[in-house]
Amino acid sequence: MTEALNFIGSVGNFFLPIFVFLTMFNVGLTRTLDDFKEHLSEWRFYLRMLFVNFLLAPLMMLLLLQVFTISEPLEAGLIIFSMAAGAPFVIKLTQFSEHDIALGATLLVVLVLATSLFVPFALPLALPGVSINALEIFFSLVRQLILPIILGLLANRFVPGLTKKIQPWIGKLGTITLWIVVFGILIGELEGIFNIFGEGAILLSVIFILSVAVLGYYIAGKNGHDHLQDLGALGTGQRNTAACMIIAANNFSDTPEVLLIITIANTLGIIMLVAIAKYLSRDNEPQTENVT
């Protein structure tokens with residue numbers, strides 16, 4: 001049974017970087033540089049997102065850890081989870097909520113860059129003894145999340161005919177790999193979920209994600225529409241697991257519970273936020289019909 005779960009989990013992990021590349025590459029294929037420039041005019045929105053993601057979210061986690069009593073490795077994993085923002089799943093959540101993915105991608109880039117600057121300085125204060133290579137995190141996130149967007153933009157600019165042919169397939173493959181990743185990792189982590197189920201860490205993760213999503217929704221602002229609120233909720237609720245995993249692998253390789261709770265919290269977050277995004281899409285006009 002354990003071997004079967006491990007195999008399913010390994011399938012999910014294998015497809016994770018493929019999903020990330022396809023999703024980010026598809027953003028570039030379906031948008032132009034002008035689309036991103038247009039959304040940068042919403043600078044107040046991005047300042048609010050920095051405030052809620054890098055001040056309120058970590059403070060919320062520290063507050064919840066005063067209420068819940070959990071083991072130190074799980075506590076360390078959740079603190080790391082709370083401090084890193086900007087995940088590729090934000091693009092899919094933007095799509096599911098029927099908003100312009102250029103806005104979601106612009107928010108993603110802002111949060112990724114801020115995470116690269118914030119985490120190396122803030123995390124050692126919360127977890128003394130943790131050593132973080134800021135350049136490693138920065139270049140890893142740029143390579144995984146930003147470079148594929150640039151490649152897509154270049155393809156869209158210089159080979160538009162080829163782009164129109166491959167984009168629908170890239171979009172569909174991105175959606176397929178999303179569900180392979182979500183269910184593969186979730187099923188693969190079932191044994192770990194059962195092992196830590198009684199400690200309260202999973203419930204704490206759920207409360208944290210929902211709480212910061214609500215904070216993001218109400219702090220984001222409206223600007224005549226609810227798209228900023230929707231993206232504020234989704235972009236804050238979804239944390240940056242790529243950055244979390246780099247930190248966990250470098251500092252807690254002998255403590256698997258740290259990576260375990262990060263993975264579980266991320267997977268549960270995706271499931272909840274997909275449902276929230278679908279709910280938020282009810283009163284939105286479809287804007288991502290070409291993204292699939």
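Everything numeric in this text was worked out from a predicted model, so none of it was measured. Numbers here simply count residues along the sequence, with the first being 1.
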Give me the atom names and distance for the closest heavy-atom approach of [X] to [Y].
{"X": "A220", "Y": "Q229", "value": "CB-CA, 3.9 Å"}
{"X": "L29", "Y": "Q167", "value": "CB-CG, 4.0 Å"}
{"X": "A201", "Y": "L74", "value": "CB-CD1, 3.9 Å"}
{"X": "V119", "Y": "M83", "value": "CG2-O, 3.5 Å"}
{"X": "S82", "Y": "A57", "value": "O-CB, 3.9 Å"}
{"X": "K92", "Y": "T175", "value": "NZ-OG1, 2.8 Å"}

Do [X] and [Y] have side chains that approach each other closer than 4.5 Å (heavy atoms only, starting at C-beta)?
{"X": "M245", "Y": "L259", "answer": "yes"}
{"X": "R157", "Y": "T163", "answer": "no"}
{"X": "L231", "Y": "T94", "answer": "yes"}
{"X": "I264", "Y": "S205", "answer": "no"}
{"X": "L204", "Y": "L65", "answer": "yes"}
{"X": "L228", "Y": "E42", "answer": "yes"}
{"X": "W179", "Y": "V274", "answer": "yes"}
{"X": "K37", "Y": "D34", "answer": "yes"}

Could you list the residues that satisfy side chain to side chain donor-acceptor pair (under 3.5 Å) with D35, not counting sequence neighbours? T32
Using modelled atom types only, decide if a donor and an acceptor are shared between the side chain of [X] and the backbone of [Y] within a distance under 3.5 Å.
{"X": "T177", "Y": "G174", "result": "yes"}
{"X": "T23", "Y": "V20", "result": "no"}
{"X": "N26", "Y": "L22", "result": "no"}
{"X": "E199", "Y": "S71", "result": "yes"}
{"X": "N53", "Y": "M49", "result": "yes"}

[atom2] on [Y] to [atom1] on [X], rounded to 0.5 Å:
{"X": "N251", "Y": "I80", "atom1": "CG", "atom2": "CD1", "result": "7.0 Å"}
{"X": "F89", "Y": "Q95", "atom1": "CZ", "atom2": "CD", "result": "13.0 Å"}
{"X": "N266", "Y": "T241", "atom1": "CG", "atom2": "OG1", "result": "2.5 Å"}
{"X": "E257", "Y": "I70", "atom1": "CD", "atom2": "CD1", "result": "11.5 Å"}
{"X": "I209", "Y": "I271", "atom1": "CD1", "atom2": "CD1", "result": "10.0 Å"}
{"X": "L33", "Y": "I150", "atom1": "CG", "atom2": "CD1", "result": "10.0 Å"}

Please list, chain by chain and in numerical order, all residues satisfying ring-ring contact (aromatic ring centres under 6.0 Å, His included) with F252, sequence neighbours excluded. none
Flag for [Y]-[X]: side-chain donor and acceptor within less than 3.5 Å:
{"X": "E191", "Y": "N6", "answer": "no"}
{"X": "S97", "Y": "K278", "answer": "no"}
{"X": "S140", "Y": "Q144", "answer": "yes"}

As a quick check of understanding, evaluate side chain to side chain contact (heavy atoms under 4.5 Å, CB included) for I149 and R31, giving each step before the final call. CA-CA 9 Å; I149 296 178; R31 293 298 182 272; over 6 Å; no
Parallel under 30°, tilted from 30 to 60°, perpendicular over 60°: which one fits the rings of F54 and F118? tilted
Verify same cluster id: [X], [Y] (apolar side-chain graph, 4.5 Å):
{"X": "L63", "Y": "L203", "answer": "no"}
{"X": "W169", "Y": "I166", "answer": "no"}
{"X": "L125", "Y": "M60", "answer": "no"}
{"X": "L117", "Y": "L55", "answer": "no"}
{"X": "I187", "Y": "F194", "answer": "yes"}

With side chain to side chain contact (heavy atoms under 4.5 Å, CB included) as the test, would you mind laying out the steps for L210 and I276 before giving the verdict? CA-CA 10 Å; L210 294 177; I276 291 172; 4.1 Å; yes
Could you go through I79 and L123, starting from their C-alpha distance and side-chain angles, then the distance that decides it, and tell me whether this counts as side chain to side chain contact (heavy atoms under 4.5 Å, CB included)? CA-CA 8 Å; I79 289 174; L123 191 57; 4.0 Å; yes
Show every donor-acceptor pair shorter than 3.5 Å between a side-chain atom in residues 106-116 and any protein atom, with sequence neighbours excluded, or say none if there are none.
| residue | atom | partner | partner atom | Å |
| --- | --- | --- | --- | --- |
| T106 | OG1 | A102 | O | 2.7 |
| T115 | OG1 | A85 | N | 3.0 |
| T115 | OG1 | A85 | O | 2.6 |
| T115 | OG1 | L111 | O | 2.9 |
| S116 | OG | V112 | O | 3.0 |

For side chain to side chain contact (heavy atoms under 4.5 Å, CB included), just list the numbers for F51 and L56, CA-CA rounded to whole Å, side-chain angles, deciding distance to a tenth of an Å, and then say yes or no. CA-CA 7 Å; F51 174 70; L56 296 188; 3.5 Å; yes
Are the aromatic ring centres of F21 and F25 under 6.0 angstrom apart? yes
